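A short worksheet on the structure shown next.
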Protein chains: 2
Amino acid sequence: MDKKDFRSTLIVTATRLFAERGLNGVSIRELSTAAGVSISMISYYFDGKEGLYSSVLAEQFSCFEYMLSIKERTAGPLDKIEEYIRWSIRRNREHPFLLRYYTSELTNPTRYFSVIVQPALETALQILIGIIKEGIDKKLFREELSPEDTALAMAGMVNYYFLSTLATQGFVNHSPERDEELIRHYMDIFTKGL
Amino acid sequence: MDKKDFRSTLIVTATRLFAERGLNGVSIRELSTAAGVSISMISYYFDGKEGLYSSVLAEQFSCFEYMLSIKERTAGPLDKIEEYIRWSIRRNREHPFLLRYYTSELTNPTRYFSVIVQPALETALQILIGIIKEGIDKKLFREELSPEDTALAMAGMVNYYFLSTLATQGFVNHSPERDEELIRHYMDIFTKGL
DNA sequence: GTCTATATTGCGATAGAC
DNA sequence: GTCTATCGCAATATAGAC
């Protein structure tokens, strides 16, 4: 946002607006006005509304590359799982609009899903599956576990905490101060069960 | 769909189209053509596009009332949790578009969120929280568990399995034949941990 | 690079015939 | 109840001035 160039300003504004009301819920008129820029700048920089959307999408999902660094660590499987949970929570905190693109693309995919979203999600989940397999191989986790189902269960647990916010804020405290407690709780459930 | 009256036909068609492309992604022109009905029927029966959407939403979320019957059961907490998981999976199988409205309303709420969606989700989650509290009171579950966080973890686990389908179908088998195995696996993770 | 003005298309809603 | 025809408006995109 520091950069004063219109290209970045448009991306910042579009990120918020597309997240709040979806690709079809925002007009480039409204968007350019909100960004304090002429409407024609969208075609000039992004070749139209869809091009702007794809740029927003690419930027939002670039943070998934971080999973590669977790994979490369020398830590054991359990530590890596904690790192995964920690990163997932941090990711949702630092990119408050990401989950909207994430769920929107999974349920109403645009033409950019297969190019941007699917690869990012698959990479992260495959690494998580690999970590669980490693734990099973090393006899740290029970061999009856399906690595795939377990990985999806973990990913779902963390993401749903954020996804459900709007429906649960009346009876669940979602403040960031509680994040460490949440991480311990998730690790606790997964290591010991109920 | 058996009923030939236009009102039901419009709801059936709208349920699919709104799910696939969102409220703003579908025009009433296209919708009425797909339903084989005149465009003016939408205003006639539903007082416009938004009214049609709200009718679709109300119908989709009516199935959440089923949770009340789980609450009333005489079974123990663990059996009730299995019933919850079983119902969640069945719900997603029987209402293939529900999760789209569910996530869309949670991330991009319309004016109908607080009237239709929020109450349905809160009721179901509060009942699940109650079941977990009951298990803690009866010393069946560990007392360190946060009922709220645990309930969200369970809900997230099941829903994410369906939510992630589009990104994971290449390496996770999502066929209904595997549902019973999935239920056993989820119960297994939650009762024993990794 | 950035703007205004405009061309063109498609939108939601409805009047009025049947 | 159902249709066609149309109104008025808002959408995206772009031509052309600066």
Side-chain angles (χ1 to χ4, degrees), chain A residues 1-59 100-101 104-105 108-113 116, chain B residues 1-59 101 104-105 108-113 115-116:
Chain A
M1 199 59 175
D2 290 40
K3 289 204 210 168
K4 291 190 286 281
D5 65 297
F6 288 174
R7 197 179 188 283
S8 343
T9 308
L10 277 170
I11 291 207
V12 173
T13 308
T15 300
R16 183 173 55 80
L17 288 180
F18 284 151
E20 284 170 2
R21 300 208 299 279
L23 175 58
N24 295 307
V26 191
S27 71
I28 55 167
R29 254 188 176 73
E30 176 187 7
L31 207 156
S32 57
T33 304
V37 161
S38 158
I39 189 174
S40 53
M41 291 296 94
I42 291 168
S43 280
Y44 181 77
Y45 281 117
F46 302 99
D47 197 33
K49 188 186 184 180
E50 292 222 333
L52 174 54
Y53 179 80
S54 79
S55 295
V56 167
L57 216 54
E59 201 211 34
R100 310 200 183 189
Y101 292 101
S104 163
E105 284 289 332
N108 303 116
T110 64
R111 76 174 78 172
Y112 308 106
F113 174 77
I116 300 174
Chain B
M1 199 60 173
D2 291 38
K3 290 206 210 165
K4 290 191 286 281
D5 64 299
F6 288 174
R7 196 178 189 283
S8 342
T9 308
L10 277 170
I11 289 207
V12 172
T13 308
T15 299
R16 183 173 55 79
L17 288 180
F18 284 149
E20 282 169 2
R21 300 208 300 281
L23 175 57
N24 296 308
V26 190
S27 72
I28 55 167
R29 262 189 170 71
E30 176 188 7
L31 206 157
S32 57
T33 304
V37 161
S38 158
I39 190 175
S40 53
M41 291 295 95
I42 291 168
S43 281
Y44 181 77
Y45 281 116
F46 302 99
D47 196 32
K49 189 186 184 180
E50 292 221 334
L52 173 54
Y53 178 80
S54 79
S55 295
V56 167
L57 216 54
E59 200 213 33
Y101 293 100
S104 163
E105 285 288 331
N108 304 114
T110 64
R111 75 174 79 172
Y112 307 106
F113 174 77
V115 198
I116 299 174

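Treat the numbers as computed from the prediction; the structure is a model and nothing was measured. Here is how names work: the chains are called A, B, and so on, in the same order as the sequence lines, proteins then strands, and each is numbered from 1.
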What bend angle does the helix from C:dG1-D:dC18 to C:dC18-D:dG1 show across its length, from five-pair end axes and to the nearest 10 degrees?
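Roughly 0° between the end axes, to the nearest 10°.
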Checking salt bridge (Lys or Arg N to Asp or Glu O under 4.0 Å) against B:E30, which of B:R16, B:R21, B:K49 comes through?
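Checked B:R16, B:R21, B:K49 against B:E30; only one passes salt bridge (Lys or Arg N to Asp or Glu O under 4.0 Å): B:R21.
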Could you say whether A:E30 or A:S43 is positioned toward the 5' end of DNA chain D, judged by the nucleotide with the nearest heavy atom to each?
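The residue mapped nearer the 5' terminus is A:E30.
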Quick one: which of [options] gets closest to the side chain of [X]?
X: A:V37; options: D:dA13, D:dT4, C:dC3; value: C:dC3
X: B:I28; options: D:dT2, C:dG12, C:dT2; value: C:dG12
X: B:M41; options: C:dC3, C:dA13, D:dT2; value: D:dT2

Would you say the side chain of B:R29 and the base of C:dG10 hold a donor-acceptor pair, judged only by whether the two atoms sit under 3.5 Å apart?
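Side chain to base: no pair present.
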Over how many whole Å does the gap from [X] atom [atom1] to [N] atom [atom2] extend?
X: B:I42; N: C:dA13; atom1: CD1; atom2: P; value: 9 Å
X: B:F46; N: C:dA13; atom1: CZ; atom2: C1'; value: 16 Å
X: B:Y45; N: C:dT14; atom1: OH; atom2: P; value: 17 Å
X: A:K49; N: C:dG10; atom1: NZ; atom2: P; value: 15 Å
X: A:L52; N: D:dA13; atom1: CG; atom2: C1'; value: 14 Å
X: A:N24; N: C:dG10; atom1: CG; atom2: P; value: 15 Å

Which distance, rounded to the nearest 0.5 Å, do you find between the CZ of A:F46 and the CE of A:M41?
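Output value for this atom pair is 11.0 Å.
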Between B:Y44 and D:dC3, is there a side-chain N or O to OP1/OP2 distance below 4.0 Å?
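Result: no.
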Using a cut-off of strictly less than 4.0 Å, decide whether B:S27 has a side-chain nitrogen or oxygen near OP1 or OP2 of C:dC11.
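Yes.
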Work out which heavy atom in B:L57 is nearest to a heavy atom in B:I116; give both atom names and the distance.
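B:L57 and B:I116 have their closest heavy atoms at O-CG2, 3.9 Å.
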Looking at side-chain heavy atoms only, is the closest gap between B:L52 and B:Y45 below 4.5 Å?
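In short, these two side chains do not touch, never coming nearer than 4.5 Å.
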Pairwise side-chain contact, A:V26 with B:N24, heavy-atom cut-off 4.5 Å (strictly under)
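With C-beta onward as the side chain, the pair stays apart.
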I need the single residue from B:L23, B:L17, B:T15 that forms a side chain to side chain contact (heavy atoms under 4.5 Å, CB included) with B:V56. Which is it?
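That would be B:T15; it is the only one of B:L23, B:L17, B:T15 passing the side chain to side chain contact (heavy atoms under 4.5 Å, CB included) with B:V56.
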Angle class for the A:Y53/A:F18 ring planes (parallel below 30°, perpendicular above 60°, tilted otherwise)?
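Correct class here is perpendicular.
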If each of B:D47 and A:I39 is mapped to the nucleotide of DNA chain C with the nearest heavy atom, which maps nearer the 5' terminus, i.e. the 5' end?
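On the 5' side of the pair lies A:I39.
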